[in-house]
Amino acid sequence: MTTTAEAVQAVSDVDPSPDVELSLALVGSEIAETAAEVDLRQLSSLATEVQTAGNSATGRIFVAGAGRSGLVLRMAAMRLMHLGFDVHIAGDTTTPAIRSGDLLLLASGSGTTSGVVRAAETASKAGARIAVYTTNAASPLAELADVVVIIPAAQKTDHGSTLSRQYSGSLFEQVLFLAAEAVFQALWDNDATPAEELWLRHANLE
Ligand SMILES: O=P(O)(O)OC[C@H]1O[C@](O)(CO)[C@@H](O)[C@@H]1O
């Protein structure tokens, strides 16, 4: 009679356990290498745009992106709200119209995602400033931007790219998250508001 241990061994001989140690090292090293290549002057310019709109009496910050790129910007938006800025997420039911004096912060690895490009066109017509994270300096999105941060990662359709072994736009989205966190941290360091004060802005209806 086959024991449970023998049955487990038999299964893993056919279908070995996923090697998460190797994949964790791969993801970590790709993120570190790509983050180190982000141009700090570009990131600093984007941080200044965020600070200017956030600290202006009437300026608001809007964020927009599709799929996982958009989800990362939602996290960034929450932190900017914790800093006390007036922040809105494009497409939410309470999001007002963008206007001159506002900043639209966008992320798109490809720089061609139609809804994101349309948002930039609308913001541009309204006279708002536009800041973009993308891999693609020659994209329509980058061309519409006042400030561009290039994240030198693979795009979502670059299958088999030498820039990343990860699927689709994962590396772009991961480094985007780090870049957005770095912007928040730099703004908070400048502002020096105690964490206790930021904490008062945390959602209390969760
Ligand atoms: O960042 P892009 O190129 O605008 O693409 C948007 C989304 O499309 C996807 O590649 C769809 O899987 C997401 O990973 C990404 O967030």
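Just follow the structure's listing: the first ligand is 1, and inside any ligand the first atom is 1. This chain uses plain numbering: 1 for the first residue, then up along the sequence.
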At under 4.0 Å between heavy atoms, is it the side chain or the backbone of Arg68 that contacts ligand 1, or both, or neither? both

Could you tell me which atoms of ligand 1, counted from 1 in the order shown, lie closer than 4.0 angstrom to a heavy atom of Ser168? 10 (O)

What atoms in ligand 1 come closer than 4.0 Å to a heavy atom of Thr113? 2 (P), 3 (O), 4 (O), 5 (O)

Out of all atoms in ligand 1, which are within 4.0 Å of some heavy atom of Gly67? Include the element for each. 16 (O)

Please report which non-hydrogen protein atom sits nearest to atom 9 (C) of ligand 1, along with the residue it belongs to and the distance in Å to one decimal place. Lys156 CD, 4.0 Å

Look at atom 3 (O) of ligand 1 and say which protein heavy atom is nearest, naming residue and atom and giving the distance to 0.1 Å. Ser110 OG, 2.7 Å

Within the side chain of Ser29, is there an N or O that forms a donor-acceptor pair under 3.5 Å with the backbone of Leu26? yes

Check whether any side-chain heavy atom of Asp158 sits under 4.5 Å from a side-chain heavy atom of Phe172, and report yes or no. no

Nitrogen or oxygen of Ala66 less than 3.5 angstrom from that of ligand 1: yes

Counting non-hydrogen protein atoms only, what is the nearest one to atom 13 (C) of ligand 1? Give residue, atom name and distance. Glu173 OE2, 3.5 Å

Within the distance-only criterion (no hydrogens, no angle test), does the side chain of Glu30 pair as donor or acceptor with the backbone N or O of Arg165 below 3.5 angstrom? yes

Taking distance alone, with no angle check, do Gly109 and ligand 1 share an N/O pair under 3.5 Å? yes

Answer yes or no for Gly169: is there a heavy-atom contact with ligand 1 below 4.0 Å? no

Are Gln174 and Gln166 close enough that a side-chain donor and a side-chain acceptor fall under 3.5 Å? yes

Show, in sequence, the C-alpha distance, side-chain angles and deciding distance for Asn204 and His202, and conclude whether the side chain to side chain donor-acceptor pair (under 3.5 Å) test is met. CA-CA 6 Å; Asn204 57 4; His202 269 251; over 6 Å; no

If you group Ile, Leu, Val, Met, Phe, Trp and Tyr whenever their side-chain heavy atoms sit less than 4.5 Å apart, what else falls in with Trp199? none

Could you list the donor-acceptor pairs under 3.5 angstrom formed by side chains in residues 90-109, with sequence neighbours left out?
| residue | atom | partner | partner atom | Å |
| --- | --- | --- | --- | --- |
| Asp92 | OD1 | Arg74 | NH2 | 2.9 |
| Thr95 | OG1 | Ile89 | O | 2.6 |
| Thr95 | OG1 | Asp92 | O | 3.4 |
| Arg99 | NH2 | Thr58 | O | 3.2 |
| Asp102 | OD1 | Arg60 | N | 2.9 |
| Asp102 | OD1 | Arg60 | NE | 2.9 |
| Asp102 | OD2 | Arg60 | NE | 3.2 |
| Asp102 | OD2 | Arg60 | NH2 | 2.7 |
| Asp102 | OD2 | Arg99 | N | 2.9 |
| Ser108 | OG | Ser110 | OG | 3.4 |
| Ser108 | OG | Gly111 | N | 2.9 |

